[in-house]
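See structure below.
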Amino acid sequence: MKNQLFWRLCAIIAFGTVLLFWAIDWLTSRTETSMSFIAKEHQQQLLAYGRQAEQIYNQDGTEALAIWLKELQQKEQTWAAVVTSKLSPFADTSLPNDYIERFRLGRDVEWKIHLYFQENPTMEVPFADASTHFLIQLPNRMRPGAFLAYANLLLQIALPLVLLCILSFVLYQHVMAPLRKLEKVTKEFSEGKLDVRINAPLHERNDELTRLALTFDQMADRISKLIHNQRRLLADLSHELRTPLTRIDMAIDFVEQKLSPEQALERLRYEAATMRSLVEDTLTLAWLNTESPRLNSDDFDLVELIQVICEDARFEYPDRILTTELPEHSLITHSSQLALGQAVENVIRNALRYTPSQSEVKVLLTHLESKYELVITDQGPGVPEDMLSDIFKPFFRVDKARASERILTNTNNSSGFGLGLALAHRQIAAIGGSIKALNYRGESGKVLGLQIIINIPS
Ligand SMILES: Nc1ncnc2c1ncn2[C@@H]1O[C@H](COP(=O)(O)OP(=O)(O)OP(=O)(O)O)[C@@H](O)[C@H]1O
Ligand SMILES: [Mg+2]
């Protein structure tokens, strides 16, 4: 889902806030209600006063009751009285019995007290006759809700503060936990641990941070692959440079000892040229690997390009038969003549190199819908099936990989550095095409040669 994190935060904040208001309201009203009743021992005290008043009135009469009431008022610092109520309906009306039974002048001691009234309520304890009532204004010391102000402070300020802090912490954790993980992985990656990835469980969140994690992992994959490739390339390059360097050392020794200095100088020139082309090819390959450029600045005729390459190749390999089957013209737009030319040249040279003398190499170009297909078929030994994709890796050579299965080639066969096809692969990718290799087989299934198929966008 798009913007999952936004909706999740929205939901947490919205529901959290509503829930918080509701909880505060509920708790406040619960606390107020529970604080609105006279304490049990005070209820008992008030009832006891009522019973005492009734007893004094019954046994000692009103005078004694008056004295006792005065003492009580002084003792409790309040007002108290004993009154009679006579409900006498008139004008031919009558009162239902239960009304007479429930008729009260004050409040029952068990009733809820309104905490916000200034005046204390009057409490009533009815005598047994139901028409005499002991009334007392609730003494201050018995008034409930003494801690209401503190409770309100706690519920309306402290509790929301704590709950909002918890909510903020949860939100912070929700966002920061993956960011912390990302920071840790980025730090490790920057310190050279190229195989660290964020992976699950961040990927399971399925939100904006997951997208960030996925992008990081993709970036890390690409960068680590690039670095590994570059390291490999550099290691292979330095390994390959060793041979010409040794030969250069030997040639220098020869010059110093004045042993055939001319031959030695020629050797020096040759090795220097070899080293230059090796370094140049490796640098081009590194550039193509790192930048993955799209080469699209040239428009040219592919047939013309192939013909020029074939002419040069025929000159270099006069003992091979190089045949071509090309259309009259084939215009290519938004491509690179240099890159495509080098790639095709490499493939054709390989074909000629691995094809025995007097054997044929065929170059066939066909125009398909929106592309050209260039097929180069030789009559060489082919490539072991499991190495068909390896030959496009830099510095890979079949004879190096399988020294024991050294392929039979002719005199011109001194194999190169194994960079040609790797370069061709990247160069063709840079013009938006593709290249693959397969063994060309006869009816018996026997390998008759190697076939390289290049697709070139027109
Ligand atoms: N036509 C072919 N027939 C048989 N094997 C081939 C053919 N073309 C390429 N190979 C194998 O693939 C390997 C890689 O080829 P690639 O062109 O990359 O390198 P190379 O020709 O050995 O050296 P470079 O092209 O750098 O001079 C070769 O070493 C060879 O073993
Ligand atoms: Mg080659």
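Read the numbers this way: they start at 1 and go in the same order the structure lists the ligands and their atoms. Please read all numbers here as calculations on a predicted model, not as lab measurements.
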Identify, by atom number and element, the atoms of ligand 1 in contact range of [X], meaning under 4.0 Å from any of its heavy atoms.
X      : answer
Leu421 : 9 (C), 15 (O), 16 (P), 17 (O), 18 (O)
Ile391 : 11 (C), 12 (O), 14 (C), 18 (O)
Asp378 : 1 (N), 2 (C), 3 (N)

For ligand 1, does [X] get within less than 4.0 Å through its side chain, its backbone, both, or neither, judged by non-hydrogen atoms?
X      : result
Val383 : side chain
Val398 : both
Phe396 : backbone
Arg353 : side chain

Considering all heavy atoms, the nearest Arg320-Ser357 contact:
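Arg320 and Ser357 have their closest heavy atoms at CD-CA, 4.0 Å.
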
Hey, does the side chain of [X] reach the backbone of [Y] with a donor-acceptor pair shorter than 3.5 angstrom?
X      : Y      : result
Asn439 : Val383 : yes
Asn455 : Ser434 : no
Arg314 : Thr323 : no

Among Asp217, Leu5, Leu182, which one satisfies side-chain contact (heavy atoms from CB on, under 4.5 Å) with Leu212?
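It is Leu182; the other options fail the test.
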
Using distance alone, decide if ligand 1 has a nitrogen or oxygen within less than 3.5 Å of any nitrogen or oxygen in Leu450.
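N/O-N/O distance below 3.5 Å does not exist for this pair.
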
Should Glu183 and Lys187 be marked as a salt bridge (charged side-chain N to carboxylate O under 4.0 Å, His left out) after you check the CA-CA gap, both sets of side-chain angles, and the distance that decides it?
CA-CA 6 Å; Glu183 187 198 1; Lys187 194 162 173 277; over 6 Å; no

Below 30° counts as parallel, above 60° as perpendicular, anything between as tilted: where do the rings of Trp22 and Trp26 land?
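Rings of Trp22 and Trp26: parallel, under 30°.
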
Report yes or no: does Gly420 have a heavy atom closer than 4.0 Å to ligand 1?
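For ligand 1, residue contact (heavy atoms, under 4.0 Å) with Gly420 is present.
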
Who's closest to atom 27 (O) of ligand 1 heavy-atom-wise, of Gly449, Ala351, Gly416, Gly382?
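The residue whose heavy atom sits nearest atom 27 (O) of ligand 1 is Gly416.
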
Does one side chain, of [X] or [Y], offer a donor that lies under 3.5 Å from an acceptor on the other?
X      : Y      : value
Gln451 : Thr377 : yes
Asp249 : Thr246 : no
Gln307 : Thr324 : no

If the condition is side chain to side chain donor-acceptor pair (under 3.5 Å), which residues does Arg141 pass it with, not counting sequence neighbours?
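For Arg141 the side chain to side chain donor-acceptor pair (under 3.5 Å) partners, ignoring immediate neighbours, are Glu76.
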
Protein N, O or S atoms less than 2.8 Å from the Mg ion (ligand 2), ignoring waters?
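Checking every protein N, O and S atom gives Asn350 OD1.
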
